[in-house]
Amino acid sequence: REAVEAANTNAPVGDAPAGRAAGDVILFALPPGARLVLFSELAITDDVTIRDEGGAIRLETNAPSGRLLRIAAPGVVVEGLRLWNGGGAR
């Protein structure tokens with residue numbers, strides 16, 4: 001969440017360094033089979049690539065909206081993540 005907020009604002013957030021105006025890349029470095037559960041949707045408002053190079057991370061939601069991601073930027077790429085329990089576009 002901090003990395004996405006840093007990418008959105010181009011400012012440091014928590015442990016995440018500041019994003020760049022020209023697009024950011026967020027790489028996951030978690031062990032295979034890792035599971036990330038979001039309890040609220042993740043808003044993406046600036047161009048970013050979110051990548052799990054191992055392709056073994058499961059991203060799922062328990063958000064009341066049923067959404068994993070709320071994308072409001074034209075240049076968003078999600079690669080190698082398995083998305084679960086999302087409710088689709090609304």
Side-chain angles (χ1 to χ4, degrees):
R1 191 167 295 277
E2 289 177 354
V4 170
E5 189 174 338
N8 286 342
T9 61
N10 297 326
V13 177
D15 293 331
R20 300 176 312 195
D24 300 288
V25 176
I26 298 170
L27 294 175
F28 283 99
L30 297 172
R35 185 174 149 215
L36 302 175
V37 179
L38 301 177
F39 292 96
S40 62
E41 62 190 39
L42 195 57
I44 301 175
T45 60
D46 198 15
D47 294 349
V48 65
T49 297
I50 302 172
R51 180 179 302 139
D52 171 24
E53 292 181 336
I57 295 175
R58 177 175 163 160
L59 180 63
E60 62 182 271
T61 186
N62 282 332
S65 69
R67 272 192 173 168
L68 285 163
L69 307 171
R70 179 178 297 270
I71 299 173
V76 175
V77 177
V78 178
E79 297 176 331
L81 294 170
R82 294 181 296 155
L83 307 178
W84 290 80
N85 296 333
R90 293 196 176 118

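As the structure is a prediction and not an experimental result, all values here were calculated from the model. All residue numbers in this chain count up from 1 along the given sequence.
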Practice task
Find out whether Leu30 and Leu36 are in side-chain contact, i.e. whether some heavy atom of one side chain is under 4.5 Å from a heavy atom of the other.
Solution key: yes
Practice task
Linking directly or through intermediates, with side-chain heavy atoms under 4.5 Å: list the remaining ILVMFWY members grouped with Phe39, chain and number order.
Solution key: Val37
Practice task
Not counting sequence neighbours, which residues clear side-chain contact (heavy atoms from CB on, under 4.5 Å) with Ala73? List them please.
Solution key: Asp47, Val76
Exercise for the section: Only counting residues at least two apart or in another chain, list the ones meeting salt bridge (Lys or Arg N to Asp or Glu O under 4.0 Å) with Glu41. Expected result: Arg70
Practice task
Would you mind listing the cluster partners of Val13? Hydrophobic ones only (ILVMFWY), side-chain contacts under 4.5 Å, chaining allowed.
Solution key: none
Handout entry: Thr61 side chain near Arg67 side chain, heavy-atom distance below 4.5 Å
Key = no
Exercise for the section: Report the distance from atom CZ of Arg51 to atom CD1 of Ile26, rounding to the nearest 0.5 Å. Expected result: 11.0 Å
Problem - Atom of Ala7, atom of Val48 and distance for their closest heavy-atom approach - result: CB-CG2, 4.1 Å
Exercise for the section: Please identify each residue that fulfils side chain to side chain donor-acceptor pair (under 3.5 Å) with Thr9, with sequence neighbours left out. Expected result: none
Problem - Under the side-chain contact (heavy atoms from CB on, under 4.5 Å) test, residues paired with Asp52 that sit two or more places apart - result: Phe28, Ile57, Leu81
Practice task
Identify the heavy atoms of Ser40 and Ala63 that sit nearest to each other, and give their distance.
Solution key: CA-CB, 3.7 Å
Exercise for the section: Mind checking the OG1-CG spacing from Thr45 to Asn8? Nearest 0.5 Å is all I need. Expected result: 3.0 Å
Handout entry: Sequence neighbours excluded, every pair satisfying salt bridge (Lys or Arg N to Asp or Glu O under 4.0 Å) that has a member inside residues 10-35
Key = Arg35-Glu60
Exercise for the section: Output all residues satisfying side-chain contact (heavy atoms from CB on, under 4.5 Å) with Leu42, sequence neighbours left out; order by chain, then residue number. Expected result: Arg1, Val4, Leu38, Leu69
